[in-house]
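Just follow the structure's listing: the first ligand is 1, and inside any ligand the first atom is 1.
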Amino acid sequence: MTDLMREACLIDGQWVTADQWIDVDDPATGERIGRVPRCSGAQTQQAIDAAERAMGSWARRPAKERAAVLRRYFDLIMARQDELAALLTREQGKPLAEARGEIAYAAGFIEWFGEEAKRVYGDVLPSHADDKRIVVLKQPIGVVAAITPWNFPAAMITRKIGPALAAGCGVVLKPASQTPFTALALAALAQEAGLPDGLFNVVTGSAAEIGDVLTSSETVRKLSFTGSTEVGAKLYEQSAPSIKKLSLELGGNAPFIVFDDADLDAAVVGAIQSKFRNAGQTCVCANRIYAQAGIYDAFVEKLAAATAKLKVAPGTEEGAEIGPLIDDKAVKKVREHIADAVSQGASVVTGGEPHTRGGRFFAPTVLSGVTQSMLIAREETFGPVAPVFRFETDDDAIAMANDTPFGLASYFYARDLGRVWRVAEGIEAGIVGVNTGLISTELAPFGGVKLSGLGREGSRYGIEDYLEIKYVCLSI
Ligand SMILES: NC(=O)c1ccc[n+]([C@@H]2O[C@H](COP(=O)([O-])OP(=O)(O)OC[C@H]3O[C@@H](n4cnc5c(N)ncnc54)[C@H](O)[C@@H]3O)[C@@H](O)[C@H]2O)c1
Ligand SMILES: O=C[C@H](O)CS(=O)(=O)O
């Protein structure tokens with residue numbers, strides 16, 4: 001059975017190391033769990049060259065054959081779900097139940113795009129002359145560079161390699177240095193599934209050094225990045241000279257609106273699910289909760305009561321619901337947001353302090369009396385803090401929700417049909433959850449507008465970004 005714990009990188013089908021190493025720690029304990037190579041720029045270039053060599057024959061294989069390999073890959077990931085989840089929790093910290101869910105979600109992208117491989121259709125279009133025929137081909141875009149974040153160490157990877165491999169592309173992946181082991185385990189299983197040597201490469205190391213090689217390479221035709229808007233903008237700029245096709249899944253600042261006709265108990269469940277998943281460390285977490293004046297006090301009371309019941313514990317502990325934050329910097333940002341809000345008049349209804357477990361554990365928190373002028377309204381907290389703002393009218397709610405340069409996810413609870421349509425159409429976001437706090441599925445187009453990014457991942461739309469359209473004009 002394939003060994004999943006790899007302290008080496010995969011380049012051209014070989015597991016390689018480097019002269020220098022990067023330590024990886026367990027966010028729940030701070031203890032070192034292993035190390036990964038600090039790959040060089042030259043090794044990154046070797047990975048690009050390997051991906052280019054391997055993709056030729058892979059793309060020429062019938063789609064049905066590529067699909068069969070991806071199906072085997074899906075089956076292998078699901079067969080090792082528990083071990084992969086345990087590895088993911090050790091390096092990222094999320095509760096084991098959430099990690100198992102992420103592994104299934106991640107495998108879903110491999111399954112979905114394995115099937116989509118067989119449905120990459122071209123066109124024959126009505127011609128402009130009787131001696132001409134117009135044919136449209138769809139072909140793999142070329143070598144893909146993928147750079148991924150630490151908060152979903154499996155799903156953010158397969159959301160990229162799934163469509164890339166299905167389209168016939170070669171891939172070089174740079175995972176986050178905080179969570180490399182899940183990526184390397186996925187690479188080991190890809191080898192077992194039968195992906196050709198060199199088609200899928202994983203390099204760990206200095207983000208800037210590896211990023212420079214990936215963005216400046218003219219062999220790399222596509223960059224798919226998930227992470228902060230700040231880094232995304234930098235990579236966008238670095239990619240410009242080589243005119244790459246980019247997918248950017250960036251930061252968010254999701255509004256969660258509760259109208260006075262909402263089912264309050266359902267809204268509380270949805271707010272808890274959206275806000276506290278992964279201890280608030282997801283790009284689609286409710287970052288600002290707006291409650292209409294007439295139900296504000298009742299909603300805050302219900303939300304605080306449910307929040308106070310959440311179990312804070314290491315992800316491996318039975319019943320854990322809120323794991324540790326990823327690092328000390330994350331704890332510092334949460335504390336800054338709370339302190340700034342309280343200094344401007346907000347109140348801590350529950351939580352508000354680091355958890356008694358110490359380390360990177362933070363008590364799930366509800367703030368009331370929050371206003372748009374506070375840091376927590378303008379920045380992505382990326383932690384377990386639920387700030388509740390009061391609003392009067394529907395127009396006020398839409399205006400406050402849109403008062404951000406971001407536009408990834410948004411949520412609202414209401415039952416009036418006209419209100420649902422007006423708000424869903426008025427919110428500036430790529431994703432709108434109506435009477436639900438959970439929107440994540442490989443079957444839907446995931447992505448943002450404004451500073452939250454470019455492109456969509458998942459769904460039948462997700463493979464288009466890994467294809468080029470070729471117009472063939474036939475003279476007959
Ligand atoms: N839109 C989405 O789907 C989505 C999903 C998850 C996370 N995110 C966002 O990601 C952020 C948190 O994740 P993070 O802290 O890992 O983000 P980050 O931007 O710091 O890092 C993301 C990845 O980019 C790499 N990186 C950093 N600087 C780089 C550089 N100069 N050149 C090349 N690569 C570089 C990192 O090593 C990591 O692999 C949040 O803003 C969150 O909203 C967005
Ligand atoms: O952090 C953002 C991820 O995209 C989370 S999910 O895909 O919505 O689960």
Margin query: Using a 4.0 Å heavy-atom cut-off, which part of Gln178 comes near ligand 1: side chain, backbone, both, or neither?
Written below: neither
Next item on the list: Show which atoms of ligand 1 fall inside a sub-4.0 Å distance from at least one heavy-atom site of Gly251.
Entry: 41 (O), 43 (O)
Notebook entry, point to check: At under 4.0 Å between heavy atoms, which part of Glu98 makes contact with ligand 2: side chain, backbone, both or neither?
Noted result: neither
Notebook entry, point to check: Any luck finding a side-chain donor-acceptor pair between Ser373 and Gln344 under 3.5 Å?
Noted result: yes
Check: Is the closest protein non-hydrogen atom to atom 8 (N) of ligand 1 under 4.0 Å?
Finding: yes
Notebook entry, point to check: Which atoms from ligand 2 have a heavy atom of Thr282 less than 4.0 Å away?
Noted result: 1 (O)
Check: Are Arg159 and Phe446 in a cation-pi contact, defined as NZ or CZ under 6.0 Å from the six-membered ring centre and within 45° of the axis?
Finding: yes
Next item on the list: Evaluate the ring planes of Tyr290 and Phe389, with Trp represented by its six-membered ring, and classify them as parallel (under 30°), tilted (30 to 60°) or perpendicular (over 60°).
Entry: tilted
Next item on the list: Please state whether Phe152 comes within less than 4.0 angstrom of ligand 1, counting heavy atoms only.
Entry: no
Check: Are any of the N or O atoms of Ser177 closer than 3.5 Å to those of ligand 1?
Finding: no
Item checked: Contact (N/O only, under 3.5 Å) between Thr229 and ligand 1 -> no
Check: Which residue supplies the protein heavy atom nearest to atom 6 (S) of ligand 2, what is that atom called, and how far is it?
Finding: Ser440 OG, 3.4 Å
Notebook entry, point to check: Is Thr148 in polar range of ligand 1, meaning some N or O pair under 3.5 Å apart?
Noted result: yes
Notebook entry, point to check: If you count the atoms of ligand 2 from 1 in the order shown, which ones are under 4.0 Å from a heavy atom of Asn151?
Noted result: 1 (O)
Next item on the list: Would you mind running through ligand 1 and noting each atom that sits below 4.0 Å from a heavy atom of Asn151?
Entry: 6 (C), 7 (C)
Notebook entry, point to check: Judging by distance only, is a nitrogen or oxygen of Arg159 under 3.5 angstrom from one on ligand 1?
Noted result: yes
Next item on the list: Look at atom 37 (O) of ligand 1 and say which protein heavy atom is nearest, naming residue and atom and giving the distance to 0.1 Å.
Entry: Lys174 NZ, 2.9 Å
Check: Which atoms of ligand 2 sit under 4.0 Å from any heavy atom of Cys283?
Finding: 1 (O), 2 (C), 3 (C), 4 (O)
Check: Should Ser452 be counted as touching ligand 1, given the test is an N or O pair under 3.5 Å?
Finding: no
Next item on the list: Can you pull out the closest protein heavy atom to atom 5 (C) of ligand 1? Residue, atom name and distance to 0.1 Å, please.
Entry: Thr226 CG2, 3.1 Å
Checklist line | Side-chain donor-acceptor contact under 3.5 Å, Lys244 with Ser217 | finding: no
Next item on the list: Could you tell me whether ligand 2 has any atom less than 4.0 Å away from a heavy atom of Arg159?
Entry: yes
Note to self: Please check if the number of heavy atoms outside Lys245 that lie under 6.0 Å from its NZ is greater than 12.
What the structure shows: yes
Check: Would the number of heavy atoms belonging to other residues, nucleotides or ligands and lying under 6.0 Å from OH of Tyr236 be above 12?
Finding: no
Item checked: Whether Met156 lies under 4.0 Å from ligand 2, heavy atom -> yes
Check: Any idea which protein heavy atom is nearest atom 13 (O) of ligand 1, and the distance to it?
Finding: Pro149 CB, 3.6 Å
Notebook entry, point to check: Any luck finding a side-chain donor-acceptor pair between Ser247 and Tyr466 under 3.5 Å?
Noted result: no
Checklist line | Atom CZ of Arg335 with >12 non-hydrogen neighbours under 6.0 angstrom | finding: no
Notebook entry, point to check: Of all the atoms in ligand 1, which lie at a distance below 4.0 Å from a heavy atom belonging to Val231?
Noted result: 19 (O), 26 (N), 27 (C), 28 (N), 29 (C), 35 (C)
Next item on the list: Establish, for the pair Lys94 and Phe152, whether the NZ or CZ atom is under 6.0 angstrom from the six-membered ring centre and no further than 45 degrees off its axis.
Entry: yes
Item checked: Test of ring centre spacing under 6.0 Å for Phe256 and Tyr413 -> yes
Notebook entry, point to check: Looking only at heavy atoms of Glu249, does any of them come nearer than 4.0 Å to an atom of ligand 2?
Noted result: no
Checklist line | For atom 32 (N) of ligand 1, the protein heavy atom that lies nearest, with its residue and separation | finding: Ala207 O, 3.4 Å
Notebook entry, point to check: So, is Leu250 polar-close to ligand 1, with some N/O to N/O distance under 3.5 Å?
Noted result: yes
Next item on the list: Within a distance under 4.0 Å of any heavy atom of Val284, pick out the atoms of ligand 2 and give their elements.
Entry: 8 (O)
Next item on the list: Using distance alone, with no hydrogens and no angle criterion, decide if Thr307 and Lys275 have a side-chain donor and acceptor under 3.5 Å apart.
Entry: no
Check: Relative to the heavy atoms of Pro175, which atoms of ligand 1 are at a distance of less than 4.0 Å?
Finding: 39 (O)
Margin query: So if I count the atoms of ligand 1 from 1 in the order they appear, which ones are less than 4.0 Å from some heavy atom of Leu235?
Written below: 32 (N), 33 (C)
Checklist line | Ser228, any N or O under 3.5 Å of ligand 1 N or O | finding: yes
Check: Which atoms of ligand 1 are found less than 4.0 Å from any heavy atom of Leu408?
Finding: 1 (N)
Note to self: Can you report which non-hydrogen protein atom sits closest to atom 2 (C) of ligand 1, along with the distance?
What the structure shows: Cys283 SG, 3.3 Å
Next item on the list: Count the heavy atoms of every other residue, nucleotide or ligand shown that sit under 6.0 Å from CD of Glu317, and state whether that count exceeds 12.
Entry: yes
